[in-house]
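One structure is given below, encoded as C-alpha cells.
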Amino acid sequence: MNTDFLQIGNGEAITRDRIPHLSFDDFRNQALDIVTNGGKVVHFFGYPDGDGVNLLAVLRSDHLMLAGCRAPEAYPSLAAECEPFHMFEREIAEQFGIRPEGHPWLKMVRYHANERGLPDVFGNDYNEDIPGNYNYYAVEGEEIHEVAVGPVHAGVIEPGHFRFNCIGERVLHLEIHLGYQHRGVEKLFLNADTKRLPILAEGIAGDTAVGHSLCLAQAVEALAAIDTDAGARIIRTIGVEFERIANHVGDLGALSGDVAFLPPANYCGRMRGDFLNMSLWICGNRFGKGLVRPGGVRFPLTDEDRRVLTERLAELKPQVEHVIDLLFGTSSVRSRFEGCGVVSTPDAEKLGLVGPAGRASGIPYDARRDFPTEYYQHIGIPENAEPSCDVYARAKVRADEVLQSIAIIESLLSRPIETRCVEDADYKLAPSSLAVTLNEGWRGELSHCLLTDADGKILRYKVKDPSFHNWNGLAMALRDTGISDFPLNNKSYNLSYCGFDL
Amino acid sequence: MLNTLKNRFEQGCRTSAYPKTTIELPERYRGQPRVHAEASAELAAECAAACPQQAIDAGRRLIDMGRCVFCGTCERLSEGRFVSFSRNFELGVAEKDHLLTSGELPSLAEHAKKHFKKLFGRSLQLRQVSAAGCNACEADLNVLATPFFDLARFGINFVASPRHADGIVVTGPVSRNMKTALLLTYEATPAPKVVIAVGSCTLSGGPFRGSAEITEGLDQLLPVDLYIPGCPPHPLTNLHALLTYFK
C-alpha cells in the first residue's frame, strides 16, 4: 500500500512543514485505505490556518502516522464508508462548521456554536438549552416505551442524558447525549500562560489527572526540547499506575454493589481510598494533581517514601487479591456478570474501543506496550485481552490490571530513585511545529496533539480522552440487554463525561 | 460463605474515630494556607506573579482560597517564607469574604446559621449536583459513604432525588449547558434548603475561569450557605465542614 502519510514517533516534535499536505481526495482515499485495512484513528481534527481550516489525521497501525489537507466547506463523509471516523467528523462539524455529507448520524457532540461564526451545521440556536434542535432516535410501536434519565443522575456522578427505547424490560436502543460538562478546555489552552497549562490539563478529567498532565508534559518537552531524568520517568510511571489501581479497585467495588453483593463493594471502596492516599503521600493530592510538570516531577521518592509505600503495598496486596478472589468466586456475581452487555470484537473494532473496554472485547492494544513512554519500555505489559466481551470480561481485565500494576509499582520501588525536582519551567515552544503524545490511562488511550504557530504560541491544542471512543461501546452493550442491567454495564465502562465534553 | 467470612475478618473494622480523635494527614498534604506578613514586598510580588490561579493579593497579603488550587507553587517559590500550607484540613467557611485569608479562618461553628442546626442537626439529606466538575470533587464526596468515613453514622446522606433532600451540594464550574438543570434541581428541593459549594471550580471557576462556557462562582446564581475550598477538598475537609456547620 502506497501512502503519503508520514510516520512519526510518540512524543516526537516535527515542524509543520513536514506534515504531508495532500489534496482532499488523496487524503480521504489514503486515510480510508489505512483504516479499512486495520489502522485506527488516534486524532482527526481541524485547525485554523490562514483564512481557512486544515484537517489533520493521526492514525496508528504498529506505528503512528499523520497527514493533512485543506478542509473543504463540505466533503463526502469518511464515516459513511468507515465507522471509526464517526465521532471525529461530528466534532469537526461542531467546532468548525464543516459538513460531512452523507454522515450516517450527524449529531452535535457537545452543544456549542462553531468558532468561525458560520451557520450551524445542526440548525441549533445556542440561546436555547441543550439539547436544542435535536430529536432523539426513537423506536415506534404499540408496546415501545422510552425511559429518559439525566442529566442530573441519582448518584454522586457527572451529568449526561440517557434515552432508552425499550420493549418491556429489553432495551432496543440506548442513546447517550452528552455535552453538559463542556467547559471550553481546548480553547482555554490557546490563551493560557505556561504556568496555567498543567493546572488545566489536570482538570480535563480529575480521575485521570496524572494521565492527562503526562500527555501535556510530554508534548511541551518535545516542543521545548526539555529532557527529563530517569528518576522522573519512574515516578511518573508510578503515578499513572496508582491512578489505574485506584480507579479499577473502586469500579470493581461498584460492580459488586450493582449486583447487590455488598462485602467487596465496601472493601473495595475502602481500599481505593488507601491507594488514593498513596498518591497523597507522594504529591500531597489524592488525585495526583501537582505531581507531573513539564521537565519532570515536583516531588521526589526518597528512600523513606519507598519504604512507607512498599510497606503499605505489602499489607494491601493480599487483601486486594482475596477480595478479587471473593468477587469472582461468588456464583451469584458470576451469573450476573457473564453474558451481560456483550460487545463483539467486530463491533468493538468498528467503534474503535480502546483500553480495558477494547481488551475486554478481544482487542489487545495497550499504549504502554505498543507506544511506550516514560519507563514502560523496560516493563513487560502482558496482553490482557479477554474473549467473552461481556461485563465479566470488563471486570476481569480490570482485576488483572490491578494486580499487574501493584507488581509494577513494587518492582519500581525496589531500587533507589533519584530525580531533580522541577518547578514551573519557563520555556518557549518551537514555532510552526507539532507533537502528538499517547499514554495508556486507566480508561485507555489518552492522546494530546499540540500545534504551534510561527511565533511558538499554541495554535491548536487537541485533547482526546479514551471516553471519546468508548461511550458508543456502552450504548452498544445495552442493545438487547435488560434495562435493569444498565448500572452494571455503565460501571463496567465507567467513562468520563468531562473528558468527553472537554 | 467461608471465603466471605475470611475476607470479613481480614478487613476488620476501618471506620475512623474522627471527629472524636484527630487525624494527621501526610507531610506533603497542603491544607490551610498562611501568608507571612513579614516577607518582603518583592517576594510577595514574585509569588503573586507565579500563582497560576491569580489567587494572591500581594499588597494586602491575602490568599483567595476560592481561587487557590493548593498546588503549592507560592510555598515552593518562597520556601515557605511568604506562603506556607499547614496540614490543617478544616477549611470550610460560611461567608465568601472569609475565603480571602491571611491564615486565620473565622470559626465555622460560630458563623453557621443556628436554625439550620435545629432543622438539620439530626438528619441532613443532600442531593449532589455535578455541574461540569472534573470528577475529583465528586469522587471525594462519594467516598464519604465508604466505611472509613461512614457519613451515615452522623445522620447525613446523599439521596437520589432533590425532592427528598434538604439541600444541594454543587461541584464544578457550572457550565452553560448544566445551568438550567442545576437551577431546576434547586427549585425542586423543598424549602428551607441549604446550598453547599464544593471545590475551587464552584467557588470561583477554578482552573476554567476566563472561559465563556462557565460561571465564575456559584454565588452568582444561588445563595450559598457553605463554601468548601480545595481542588478537590480532602474528604475530611468536607466531613469537617458538614459536621461543624450542621451539628
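All of these numbers come straight from a predicted model, not from anything done at the bench. Order of the sequence lines sets the chain letters (A, B, ...), proteins ahead of strands, with each chain counted from 1.
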Using a heavy-atom distance cut-off of less than 4.5 Å, which residues of residues 126-134 of chain B contact chain A? R127(B), Q128(B), V129(B), S130(B), A131(B), A132(B), G133(B), C134(B)
Under 3.5 Å, is there a donor-acceptor pair between the side chain of R270(A) and the main chain of F148(B)? no
Quick one: which of L25(B), L182(B), L141(B), T73(B) has the most heavy-atom pairs under 4.5 Å with chain A, could you say? T73(B)
How long is the gap from SG on C71(B) to CD on E202(A), to the nearest 0.5 Å? 8.5 Å
Do side-chain atoms of R286(A) reach the backbone of D140(B) as a donor and acceptor pair under 3.5 angstrom? no
Calculate, to the nearest 0.5 Å, the distance between atoms CZ and CE belonging to R14(B) and M271(A) respectively. 9.5 Å
Kindly say whether F70(B) contributes a backbone atom to a donor-acceptor pair with the side chain of K289(A) at under 3.5 angstrom? no
Contacts of E423(A) that satisfy side-chain hydrogen bond (donor to acceptor under 3.5 Å, both in side chains) - sequence neighbours left out: R76(B)
Given Q53(B) and I199(A), is the side-chain contact (heavy atoms from CB on, under 4.5 Å) satisfied, shown in steps? CA-CA 9 Å; Q53(B) 290 299 102; I199(A) 308 281; 3.9 Å; yes
Any donor and acceptor pair, going by atom type alone, linking the side chain of N285(A) with main-chain N or O of C231(B) inside 3.5 Å? yes
No-hydrogen, no-angle side-chain donor-acceptor test under 3.5 Å, E10(B) and H322(A): yes
Only pairs of heavy atoms separated by less than 4.5 Å count here; which of R183(A), E158(A), R110(A) has the most with chain B? R183(A)
